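Notes follow once the structure below has been shown.
Since we're looking at a predicted model, the values are computed, not measured. A, B, ... follow the sequence lines: proteins, then strands. Residue 1 opens every chain.
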Amino acid sequence: MAEHVSVSQISNYVGQEVTIKGWVYNRTDKGKLVFLLIRDGSGFIQCVAFKGDLEPEVFDRVMRLPQESSVIITGPVREDKRAPGIPGGYELGLKQIEIVQEAALDYPMSLKDHGVDFALDHRHLWIRMQSQWAILKVRVRVMSAVREYLDSHGFFNLDTPILTPAAAEGTTTLFETPYFDEGSAYLAQTGQLYNEANIFSFGKVYCFGPTFRAEKSKTRRHLTEFWMLEPEIAFCDLDGLMEVEEGLITHIAQTILRDCAAELKFLGRDVSKLENIQAPFPRMSYDDAAKYLIDLYEKETDPERKELLKFEWGMDFGAPHEVELTKLNDKPLFVYGYPSAVKAFYMEPWPGRPEVCKSVDLLAPEGYGEICGGSERMSDHDALLARIHKEGLPEDAFKWYLELRKYGSVPHAGFGMGVERVTAWLCGIEHIREAIPFPRTIKRVYP
RNA sequence: UCCUCGCUAGCUCAAUUGGCAGAGCGGGCGGCUGUUAACCGCUAGGUUCGAGGUUCAAGUCCUCGGCGAGGAGCCA
């Protein structure tokens with residue numbers, strides 16, 4: 001009885017007979033020779049059947065095996081440069097095959113291109129394809145790299161509630177759901193406020209989970225349900241926060257380069273762009289960024305582009321502005337010190353410049369734009385209360401949050417990182433909907 | 001919410017600008033001992049998103065509706 005091995009480990013078994021369990025990804029028959037490309041979850045490997053090696057009826061079934069049939073195959077592992085697959089370069093001679101299920105003939109996903117609509121309607125099958133498998137495997141490693149880094153740097157993972165009583169950042173983007181006799185609850189759009197409570201017990205914490213925004217955003221950078229990492233740190237200022245961010249992003253990028261080399265290669269990613277991702281990252285003030293963008297706007301001659309690049313101090317960056325800023329470097333770029341008016345109510349004002357707050361966004365290079373947004377939080381009770389009043393927010397709902405500033409308040413800071421945006425950037429893909437197994441967008445909750 | 005675009009075979013797309021509904025892939029049958037989304041031959045497969053309208057004639061033009069995509073705003 002041959003040992004059952006996973007495709008990802010196949011290089012350790014050259015010359016030995018092994019068993020793999022998986023699915024037929026593609027089949028090519030060539031007379032007395034059949035190539036099956038088998039995927040088993042850990043990788044893709046070619047199996048080769050020679051007519052002379054098998055009973056005629058077995059060979060005939062192999063030659064007709066429909067795509068996606070589930071199989072258990074036993075045979076010798078060979079090294080062969082011609083063999084396709086991920087990682088590729090190895091193949092299995094087919095000696096024995098057990099067909100667990102011969103798949104129906106009407107499998108809808110061909111290996112050719114599909115339209116977006118069709119692919120998304122068949123997401124439950126699309127995730128079997130090499131490209132999607134490679135992207136999602138990068139996502140998995142991004143998520144474990146996040147935990148590795150934070151857990152080894154003194155952070156505690158304390159997750160925050162998904163059902164929450166009120167808005168943290170305004171009421172227009174919340175999903176509402178009935179909640180027994182309490183009226184309505186809302187799906188969390190951030191865990192930050194609860195993180196701020198947790199740091200006074202644990203010092204350095206993070207929450208990591210799904211988050212929900214009912215924004216009517218219809219772009220390649222938006223989902224209504226996405227995964228966000230939110231670290232929060234006591235006794236931390238804006239500079240300290242940027243150091244954590246660049247350390248984390250460096251660790252993620254270098255981990256993916258090392259552990260997902262085969263996936264990045266399959267995706268055609270230019271890995272030289274990722275090799276540059278090493279701390280420290282360049283830092284630019286909002287003021288300098290604004291000057292640069294205004295200059296760019298004034299020099300632009302194409303009327304259509306000029307309209308898109310329109311900018312003046314006080315505005316938040318649009319996607320075209322972010323793209324221009326990310327062109328300045330081959331590393332992620334910190335932009336700090338945004339106008340308070342375009343940011344959330346809880347951000348600490350800049351000393352001596354109340355119109356600016358101690359906020360920082362991290363923009364990924366190659367035009368990918370914002371992957372992290374964070375700030376130093378307001379630590380003074382009265383200043384925070386005044387800001388809550390100014391924003392017209394219900395004081396009652398923030399009673400507990402205000403209390404955090406009464407009992408041992410300290411400077412503290414935190415940020416949010418979008419998992420799908422980071423994954424899409426590292427993979428070099430166009431749209432973040434491919435960076436989550438089952439994307440939720442404004443037009444889709446199926447499948 | 002606004003702007004732009006799309007909807008034709010299971011899938012990806014053509015169809016001379018109003019004149020017989022086509023191809024590749026996928027399926028079926030046959031061939032081939034190194035294929036890389038194989039290739040070659042044969043074959044089946046259509047309510048052209050829906051409803052109206054113009055016309056001798058509509059996939060094509062007009063009106064309304066549906067669905068989706070890209071972008072803006074907003075954000076991670």
- Task: Can you tell me the distance, in whole Å, between the CE atom of A:M109 and the C1' atom of B:rU12?
- Result: 12 Å
- Message: I need the CD-P distance between A:Q132 and B:rA37, as an integer number of Å.
- Response: 16 Å
- Message: Considering only residues two or more places apart or on different chains, which pairs with a residue in residues 362-373 of chain A satisfy side chain to side chain donor-acceptor pair (under 3.5 Å)?
- Response: A:R269-A:E366
- Task: Give a yes or no on whether a salt bridge exists between A:R377 and A:E348, defined as a side-chain N under 4.0 angstrom from a carboxylate O.
- Result: no
- Message: If the glycosidic angle sits within 90 degrees of zero it is syn, else anti. Tell me which applies to B:rU43.
- Response: anti
- Reckon A:P320 touches a base, only the sugar-phosphate, or nothing at all at heavy-atom distances under 4.0 Å? sugar-phosphate
- Task: Using a heavy-atom cut-off of under 4.0 Å over every strand shown, decide if A:M417 touches base, sugar-phosphate, or nothing.
- Result: nothing
- Query: What do you reckon, are the aromatic ring centroids of A:F44 and A:W133 less than 6.0 Å apart?
  - Reply: yes
- Note on the structure: Those stems involving RNA chain B that have three or more consecutive Watson-Crick or G-U pairs, both distances under 3.5 Å, are B:1-7 with B:66-72, B:10-13 with B:22-25, B:27-31 with B:39-43, B:49-53 with B:61-65
- Donor-acceptor pair present, A:E91 side chain and B:rG34 base, under 3.5 Å: yes
- Message: Should the side chain of A:S217 and the base of B:rC75 be counted as holding a donor-acceptor pair, with the cut-off at 3.5 Å?
- Response: no
N/O contacts under 3.5 Å, protein versus nucleotides 41-46 of chain B?
none

- Query: For A:G88, which contact category applies under a 4.0 Å heavy-atom criterion: base, sugar-phosphate, or nothing?
  - Reply: nothing
- More than 12 foreign heavy atoms under 6.0 Å from CD of A:E312: is that the case here? no
- Message: By the 4.0 Å heavy-atom rule, please label A:D80 as base, sugar-phosphate, or nothing.
- Response: base
- Message: In this structure, how many angstroms lie between the C1' atom of B:rC11 and the CZ atom of A:R128, rounded?
- Response: 17 Å
Polar atom pairs between nucleotides 30-32 of chain B and protein, under 3.5 Å, N or O only, would you list them?
{"from": "B:rG30", "atom 1": "OP2", "to": "A:R64", "atom 2": "NH2", "distance (Å)": "3.3"}
{"from": "B:rC32", "atom 1": "N3", "to": "A:G31", "atom 2": "N", "distance (Å)": "3.1"}
{"from": "B:rC32", "atom 1": "N4", "to": "A:D29", "atom 2": "OD2", "distance (Å)": "2.9"}
{"from": "B:rC32", "atom 1": "N4", "to": "A:G31", "atom 2": "N", "distance (Å)": "3.2"}

- For the residue pair A:F345 and A:F398, is the inter-centroid distance of their aromatic rings smaller than 6.0 Å? yes
- Closest nucleotide among B:rU1, B:rA76, B:rU35 to the A:K216 side chain: B:rU1
All N/O pairs under 3.5 Å across the protein-nucleotides 66-69 of chain B interface:
{"from": "B:rG68", "atom 1": "OP1", "to": "A:K443", "atom 2": "O", "distance (Å)": "3.3"}
{"from": "B:rA69", "atom 1": "OP1", "to": "A:R444", "atom 2": "NE", "distance (Å)": "3.4"}
{"from": "B:rA69", "atom 1": "N7", "to": "A:K218", "atom 2": "NZ", "distance (Å)": "3.3"}

- Can you figure out which of B:rA72, B:rC75, B:rG27 approaches the side chain of A:T219 most closely? B:rA72
Table of protein N/O atoms under 3.5 Å from nucleotides 22-25 of chain B N/O atoms:
none

- Verdict with reasoning, A:R82 to A:Q46, per side-chain hydrogen bond (donor to acceptor under 3.5 Å, both in side chains): CA-CA 10 Å; A:R82 296 169 296 185; A:Q46 173 165 279; over 6 Å; no
- Query: Can A:D117 and A:R444 be said to form a salt bridge (Lys or Arg N to Asp or Glu O under 4.0 Å), step by step?
  - Reply: CA-CA 10 Å; A:D117 194 31; A:R444 283 181 190 279; 2.4 Å; yes
- When the distance from CD of A:E322 to P of B:rC74 is rounded to whole Å, what number comes out? 11 Å
- Query: From B:rC11, B:rG34, B:rC74, pick the nucleotide closest to the side chain of A:F118?
  - Reply: B:rC11
- Item | Given RNA chain B, 5'-ward residue of the pair A:P108 and A:Q46, judged by closest heavy atom | A:P108
- Note on the structure: When rounded to whole Å, the CG to P distance for the pair A:L309 and B:rA72 reads 12 Å
- Any cation-pi pair here, A:K343 with A:Y338, using under 6.0 Å and within 45°? yes
- Note on the structure: With the side chain defined as heavy atoms from C-beta on, A:F50 is closest, among B:rA72, B:rU33, B:rC75, to B:rU33
- Item | Reference residue A:F208; test side chain to side chain contact (heavy atoms under 4.5 Å, CB included); the match among A:L150, A:L158, A:T160, A:L229 | A:L229
- Residues A:R64, A:D60: salt bridge by 4.0 Å N-O rule: yes
- Report which part of the nucleic acid A:G85 touches: base, sugar-phosphate, or nothing (heavy-atom distance under 4.0 Å, all strands). nothing
- Heavy atoms under 4.0 Å, any strand shown: does A:L223 hit a base, just sugar-phosphate, or nothing? base
- Query: Are A:F35 and the base of B:rG34 stacked, counting only ring centres nearer than 5.5 Å and planes tilted under 30°?
  - Reply: no
- Query: Over how many whole Å does the gap from A:Q130 atom CD to B:rA37 atom P extend?
  - Reply: 8 Å
- Query: Can the ring centroids of A:F317 and A:Y286 be said to lie less than 6.0 angstrom from one another?
  - Reply: yes
- Have A:H251 and A:E148 got a donor and an acceptor in their side chains that come within less than 3.5 Å? yes
- Task: Report the residue (A:Q67 or A:L33) whose heavy-atom-nearest nucleotide on RNA chain B is the more 5′ of the two.
- Result: A:Q67
- Query: Hey, mind stepping through A:S42 and A:Q9 against side-chain hydrogen bond (donor to acceptor under 3.5 Å, both in side chains) and telling me if it holds?
  - Reply: CA-CA 9 Å; A:S42 76; A:Q9 299 300 311; over 6 Å; no
- Note on the structure: Rounded to whole Å, CG of A:L308 lies from P of B:rC3 at a distance of 16 Å
- Item | Distance under 6.0 Å and angle within 45° of ring axis: A:K30 vs A:F35 | no
- Message: Would A:Y206 and A:D151 count as a side-chain contact (heavy atoms from CB on, under 4.5 Å) here? Give the steps.
- Response: CA-CA 9 Å; A:Y206 67 96; A:D151 291 348; 2.7 Å; yes
- Task: Using the P atom as the reference point in each nucleotide, state the distance between B:rC49 and B:rC7 in Å, no decimals.
- Result: 8 Å
- Query: Which whole-number value in Å describes the distance from A:L94 CG to B:rU33 P?
  - Reply: 18 Å
- When only distance counts, do a donor and an acceptor, one from the side chain of A:H114 and one from the base of B:rC11, lie under 3.5 Å apart? no
- Message: Heavy atoms only, 4.0 Å cut-off, all strands: where does A:E420 land among base, sugar-phosphate and nothing?
- Response: nothing
